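Any value given below was found using the heavy atoms of this structure, including those in side chains, with hydrogens, waters and symmetry copies removed. All of these numbers come straight from a predicted model, not from anything done at the bench. Convention: sequence-line order gives letters A, B, ...; per-chain numbering from 1.
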Amino acid sequence: MPPQRSLWNGSLSFGLVNVPVELVSAARDLDYHFNELHEKDKARIEQRRFCSEEDVEVTWEEVAHSYDLDGKKVVVTDEELGSVQPRKTRTIDIEAFVDLDQIDPIFFDHPYFLAPAGESEGTLRAYRLLVSAMEKSERAALGRFVMRTKEYLAAIRVRDGALTLTTMRFHDEVRPTKQIPTGGKKPSKKQLDQAVALIEELATDWDPGSYEDCYRERLRRVIDDKRKRRKIEAPEPEREPSATPDLMAALEQTLANARAGRPIRESENGDGELRDLDRDELYERATKAGVKGRSKMSKKQLIKALSDDS
Amino acid sequence: MAPRSIWNGTVTFGLVNVPIKLYSATESKTVHFHEVHVRDGAQIENRRYCSREDKEVDYDDVVKGYEVSEGNYVVLEKDEIKAAAGDRGKVVHLSEFVPAEEIDPVFYERTYYVGSRDEPDAYRLLHEALKKTGRAGIGRFSFHDREYLVALRALDDVLALHTLRFHDETVSGDDLEIDGGSRRPSKQEVDMAGRLVDSLAKDFKPDDWQDTYREAVLDLIKRKAKGEEIDLAAEEEPAHGDDLAAALEASLGSGS
């Protein structure tokens, strides 16, 4: 993997200690990106700015920013916007330390790493000092910094021996939950016990490496098929199941399935769970089961072959 | 005003089907501007131009291409890109349940609130069971023709659905190759830094943290609207302290 590009340079300020740091993304964009092309000649499309009044092309330097203030158009320039940037635009000031588990994941936005900027002995030592002290306290530091034209609230903590920074949403950017419909009867103790038992039966550790991005892989195949002029067909989407009429019976059947090591959505007719899988997953099972002729089978044929097999 | 749902579907938990609605849980409050021409204040329009012909192109004549080598594109129709969405439709199957606190913050991407629909009893049951176990259900979710890995957990009185990054989309600390330097910080320095951390410890209260920059930008707009002259003076940066121990001691002295 190529090294991550530095997105911001500045210093992390902790009391009177300043550690020169650079910000690098801790997320990698592995998506397939598409370009807009002109259908006729397959040349790239360019976006050009035009003044809607004069119908002439406008350069970036001639662009100002307009804000609609209660119906009144207010225009500000880049320089004026720059003047309100906070005093220490190149500093992340640590203002407080909080327990990480007090921050709900809903506040997390983008993850970054803070790496020491430069190789000077003083910088590396100050960086190491912060890592050691924070690792020991198990707290996350909260601070603010400005990147491009936005101020961010950020949580800084130690991960893999390095300082990691996650930008956060401000409290008024998280919507209230009050009006979200919930309702429902309070479950009986028996129902809740069964549901909890089922969760415990399906409990596992969080192992991120066990989940692959199937979408990315399918998109890669679509691009490849198109390149080789093969026909591309969209699979039929799974039918949405209807609401469960008898919760207790459904819980009991699922729990019995889980305890017997059967697929959890197996119902009376046996193929219920298979119908829930997409073709890729069915194909994977067919490979494991050694189903012959599987590569040419439709989803329906795969389900039939797999349920006959069991 | 009641929030508007953005998706209807069903979460399954074994043979229990839970009909749900999805709502955005977050909204950006960043101050957004329109681009205008500085000379006459007229709106800027973005127009599509063919880079070869130097002529404006109608949106209907635009296709999507994936660049396989420089200048060579595989052109895909919208429906062909859709084919990659898979056949999951409107169903999220929870297949595993993990301790919610084990999921590192680095994996969280977007959050949606999950509301009940039609049969709220199943919703309530799933909510209470997740709350009691402290676990998050892991599944996959198709939205706008793209598939996501998701965690469903109890958040206060509702269920929250988080889209998660895949493991290979996150960077590990080892990839940074941070130079350890030759001199480790002394025990005294680590202890002092630890005391400084403790002295700044507090509870996290989200509304203690206001977006002061957003406020400053809105204030600038109001001053400008009144016709005030804007002072463009920039401010300077702090110097870097080199003497760690002295800086720490001074911080503790002023902080406590």
For this session: Give the C-alpha distance, both sets of side-chain angles, the deciding distance and a yes or no for side chain to side chain donor-acceptor pair (under 3.5 Å) between B:His37 and A:Glu62.
Result: CA-CA 6 Å; B:His37 195 191; A:Glu62 295 172 84; 3.2 Å; yes

Problem set entry | Worked check of side chain to side chain donor-acceptor pair (under 3.5 Å) between B:Thr212 and A:Glu151 | CA-CA 8 Å; B:Thr212 52; A:Glu151 181 182 65; 2.9 Å; yes

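Side-chain contact of B:Thr10 with A:Glu240: a donor-acceptor pair under 3.5 Å is present, judged by distance alone. Inspection of the A:His65 and B:Glu35 side chains reveals no N or O donor paired with an N or O acceptor under 3.5 Å. Side-chain atoms of A:Tyr211 and B:Arg140 form no donor-acceptor pair, as typed in the model, at a separation below 3.5 Å.
Looking at B:Ile138, only its side chain comes within 4.5 Å of chain A, counting heavy atoms on both sides. If you measure heavy-atom distances from B:Ala160 to chain A, you find no contacts under 4.5 Å at all. Heavy atoms closer than 4.5 Å to chain A are found in the side chain of B:Thr111, but not in its backbone. B:Val106 touches chain A through backbone and side chain together, each having a heavy atom under 4.5 Å away. Contacts between A:Asp101 and chain B at a heavy-atom distance below 4.5 Å are absent for every atom of the residue. Contact annotation for B:Asp104: both backbone and side-chain heavy atoms come within less than 4.5 Å of a heavy atom of chain A. With a threshold of 4.5 angstrom between heavy atoms, B:Leu176 approaches chain A through side-chain atoms but not through N, CA, C or O. Residue contact with chain B, scored on non-hydrogen atoms closer than 4.5 Å, involves the side chain of A:Val74 exclusively. Proximity to chain A involves both the backbone and the side chain of B:Val171, based on heavy atoms less than 4.5 angstrom apart. Both the backbone and the side chain of A:Arg128 come within less than 4.5 Å of a heavy atom in chain B. Within the 4.5 angstrom heavy-atom criterion, only backbone atoms of A:Ser25 (N, CA, C, O) approach chain B. Proximity to chain A (any heavy atom under 4.5 Å) is shown, for B:Ser24, by both the backbone and the side chain. Heavy atoms of A:Ile199 lying under 4.5 Å from chain B belong to its backbone as well as its side chain. Using a 4.5 Å cut-off between heavy atoms, A:Lys185 touches chain B through backbone and side chain atoms alike. Heavy atoms closer than 4.5 Å to chain A are found in both the backbone and the side chain of B:Val197. Both the backbone and the side chain of A:Leu129 come within less than 4.5 Å of a heavy atom in chain B. In this structure, no portion of B:Glu177 lies under 4.5 Å from any heavy atom of chain A.
The shortest distance between side-chain heavy atoms of A:Leu30 and B:Asp168 falls below 4.5 Å. Between B:Arg124 and A:Pro187 the shortest side-chain heavy-atom distance falls below 4.5 Å.
Around CZ of B:Arg184, the count of heavy atoms belonging to other residues, nucleotides or ligands within 6.0 Å does not exceed 12. Within a 6.0 Å sphere centred on CG of B:Asp157, heavy atoms belonging to other residues, nucleotides or ligands number 12 at most.
Highest contact tally toward chain A, considering only B:Pro19, B:Gly194, B:Ala85, is held by B:Ala85 [criterion: heavy-atom pairs under 4.5 Å]. Heavy-atom pairs under 4.5 Å with chain B were tallied for A:Val196, A:Leu37, A:Asp160; the largest tally goes to A:Leu37. Interface check for chain B: of the options A:Ala234, A:Ala162, A:Ala64, the most heavy-atom pairs under 4.5 Å are formed by A:Ala64. For the set B:Arg135, B:His167, B:Arg214, B:Glu96, the count of heavy-atom pairs under 4.5 angstrom toward chain A peaks at B:His167. The greatest number of non-hydrogen atom pairs below 4.5 Å with chain A, out of B:Leu94, B:Leu155, B:Leu125, B:Leu164, is found for B:Leu125. Listed options A:Pro181, A:Ala195, A:Pro111 were ranked by heavy-atom pairs under 4.5 angstrom with chain B; first place goes to A:Pro181. Counting heavy-atom pairs closer than 4.5 Å to chain A, the top-ranked of the candidates B:Glu45, B:Lys132, B:Arg117 is B:Glu45. In terms of heavy-atom pairs under 4.5 Å with chain A, the best-connected choice from B:Glu67, B:Arg52, B:His32 is B:Arg52. Of all the listed residues (A:Val174, A:Leu124, A:Ile94, A:Thr204), the one sharing the greatest number of non-hydrogen pairs under 4.5 Å with chain B is A:Thr204. When the candidates B:Arg153, B:Glu77, B:Lys21 are compared by the number of heavy-atom contacts under 4.5 Å with chain A, B:Arg153 comes out ahead.
The pair B:Asp211-A:Arg144 fails the salt-bridge criterion, with no side-chain N (NZ, NE, NH1 or NH2) lying under 4.0 Å from an Asp/Glu carboxylate O. Classification of B:Asp175 and A:Arg28 as a salt-bridged pair holds, one side-chain N sitting under 4.0 Å from a carboxylate O. Classification of B:Glu27 and A:Arg169 as a salt-bridged pair fails, no side-chain N sitting under 4.0 Å from a carboxylate O. A salt bridge links A:Arg216 with B:Glu169: at least one charged nitrogen is closer than 4.0 Å to a carboxylate oxygen. With respect to the salt-bridge test (charged N to carboxylate O, under 4.0 angstrom), the residues B:Glu189 and A:Arg125 qualify.
For A:Thr182 against B:Pro120, the heavy-atom pair with the smallest separation is O-CB, 3.4 Å.
The aromatic ring centres of A:Tyr215 and B:Tyr148 sit 6.0 Å or more apart.
Atoms CD and NZ, on B:Glu80 and A:Lys226 in that order, are 3.5 Å from each other to the nearest 0.5 Å. One distance of note links CG of A:Asp68 with CD1 of B:Ile221; it measures 10.0 Å at 0.5 Å rounding. Expressed to the nearest 0.5 Å, how far NZ of B:Lys29 lies from CZ of A:Phe170 amounts to 12.0 Å. Going from atom CG of A:Asp104 over to atom CZ of B:Phe204 covers 9.0 Å, rounded to the nearest 0.5 Å.
In this structure, B:Tyr49 and A:Phe50 have parallel ring planes: the angle between them is below the 30° cut-off, well short of the 60° mark.
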